[in-house]
Amino acid sequence: MSSSSNLETRSIIDELRNFDKSGLFDLGHPLLNRIAESFVKAAGIGAVQAVAREAYLTAVEGADTSGIPPEISAAKRHRFPDLRGETNAKTVEALVKGTGKESLQWGLAAGMYSGLTYGLKEARGVHDWKNSALAGAVTGAALALTSDGHSHEQIVQCAITGAAISTAANLLTGIF
């Protein structure tokens, strides 16, 4: 007695190959899917970056510090100042809070930029450097607003930097 099954056996390699085709989410609209996927991917990268940076700085702090330039103070080296708590629980809590904040910032930037470029492309009917510049400027300004003690000058500088980086990336896409 043989029974046939419609179930497909897929390996993890097959799943990874189809990852870009199917995406992580299906929220009913391509704009929402794009924002959510960009947010989640960048937030994960931001979390890994934050933990890796703190691990590196903790290791360097315990080793010979002569390689660290004197202009970088201890407060500037560690983005999470409460990481050295009185107990391990406070240290872990500080790491989780700091990593969460940083991953939220990365996710916000990626989701906002991705959503803006998609929306501008749909509204204008073309994807060009102008879309990238505007999306980069708005994203840079929003990212500056998430930092502590932001000033008008810092917001403008981040908007200009965001516009410049995203425009350069758009213009250099076909070159490399």
Side-chain angles (χ1 to χ4, degrees), residues 6-57 76 78-80 93-176:
N6 288 339
L7 295 176
E8 201 177 309
T9 305
R10 297 178 60 138
S11 69
I12 196 159
I13 300 296
D14 294 330
E15 291 293 331
L16 291 174
R17 284 186 190 135
N18 292 325
F19 183 69
D20 287 334
K21 296 176 189 170
S22 64
L24 292 172
F25 301 101
D26 186 11
L27 301 176
H29 193 277
L31 175 63
L32 296 176
N33 295 343
R34 188 171 182 158
I35 291 170
E37 287 182 23
S38 297
F39 181 91
V40 168
K41 289 176 183 178
I45 292 168
V48 169
Q49 185 266 345
V51 170
R53 182 190 59 243
E54 284 305 313
Y56 167 76
L57 291 173
K76 287 184 182 178
H78 287 282
R79 296 269 315 254
F80 310 143
E93 181 181 343
L95 181 64
V96 169
K97 281 182 179 179
T99 301
K101 180 181 177 183
E102 193 149 331
S103 64
L104 182 68
Q105 288 173 327
W106 280 63
L108 169 74
M112 180 176 269
Y113 179 80
S114 182
L116 283 169
T117 55
Y118 179 86
L120 289 167
K121 182 182 89 176
E122 292 297 311
R124 295 183 61 229
V126 65
H127 178 67
D128 60 2
W129 68 270
K130 295 172 190 173
N131 292 354
S132 296
L134 183 59
V138 172
T139 302
L143 200 54
L145 291 171
T146 65
S147 66
D148 297 330
H150 54 271
S151 66
H152 172 74
E153 290 81 20
Q154 184 184 16
I155 295 169
V156 171
Q157 286 176 351
C158 287
I160 291 169
T161 302
I165 290 172
S166 59
T167 302
N170 182 281
L171 294 174
L172 295 173
T173 297
I175 294 176
F176 296 105

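Keep in mind it's a predicted model, so treat the numbers as computed, not measured. Quick note: residue numbers are just sequence positions, from 1.
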Gap separating the CZ atom of Arg124 from the NZ atom of Lys130, nearest 0.5 angstrom:
5.5 Å
State which residues pass side chain to side chain donor-acceptor pair (under 3.5 Å) with Asn33; sequence neighbours excluded, sorted by chain then number.
none
Drop me the distance from Leu27's CG to Leu32's CG, to the nearest 0.5 angstrom.
5.5 Å
Heavy-atom check, side chain of Trp106 versus side chain of Gln49, under 4.5 Å
yes
Quick one: pull up OG1 in Thr173 and CH2 in Trp129 and give me the separation to the nearest 0.5 Å.
14.5 Å
For Ile35 against Gly115, the heavy-atom pair lying closest together
CG1-CA, 3.5 Å
For Ala164, is there any backbone N or O sitting under 3.5 Å from a side-chain donor or acceptor partner on Thr167?
no
Excluding sequence neighbours, so at least two apart, what forms side chain to side chain donor-acceptor pair (under 3.5 Å) with Lys121?
none
Only one of Lys41, Glu37, Arg34 forms a side chain to side chain donor-acceptor pair (under 3.5 Å) with Ser114, so which one is it?
Arg34
Contacts satisfying salt bridge (Lys or Arg N to Asp or Glu O under 4.0 Å) that involve residues 137-146 (not counting sequence neighbours) are none
Name the residue from Leu134, Val126, Asp128 that meets the side chain to side chain contact (heavy atoms under 4.5 Å, CB included) definition with Leu120.
Leu134
Applied to residues 104-120, the salt bridge (Lys or Arg N to Asp or Glu O under 4.0 Å) test, sequence neighbours excluded, yields none
Side chain proximity check, Thr146 to Leu143, heavy atoms < 4.5 angstrom:
yes
How many angstroms lie between CG in Leu116 and CG in Leu31, if you round to the nearest 0.5 Å?
9.0 Å
Side chain to side chain donor-acceptor pair (under 3.5 Å) against Ser166, all qualifying residues, sequence neighbours excluded:
none
To the nearest 0.5 Å, atom CG of Leu108 lies from atom OG1 of Thr139 at 7.5 Å
Any side-chain heavy-atom pair of His127 and Ser132 under 4.5 Å
yes
Value for CG (Leu95) from CD (Glu54), rounded to nearest 0.5 Å, stands at 7.0 Å
In sequence, state the C-alpha distance, the side-chain angles, and the governing distance for Leu104 and Phe39, and then conclude on side chain to side chain contact (heavy atoms under 4.5 Å, CB included).
CA-CA 8 Å; Leu104 182 68; Phe39 181 91; 3.8 Å; yes
Below 3.5 Å, can you tabulate the donor-acceptor pairs from side chains in residues 153-162 to any protein atom, sequence neighbours excluded?
from   : atom 1 : to     : atom 2 : distance (Å)
Gln154 : NE2    : Ser147 : OG     : 3.4
Thr161 : OG1    : Gln157 : O      : 2.8

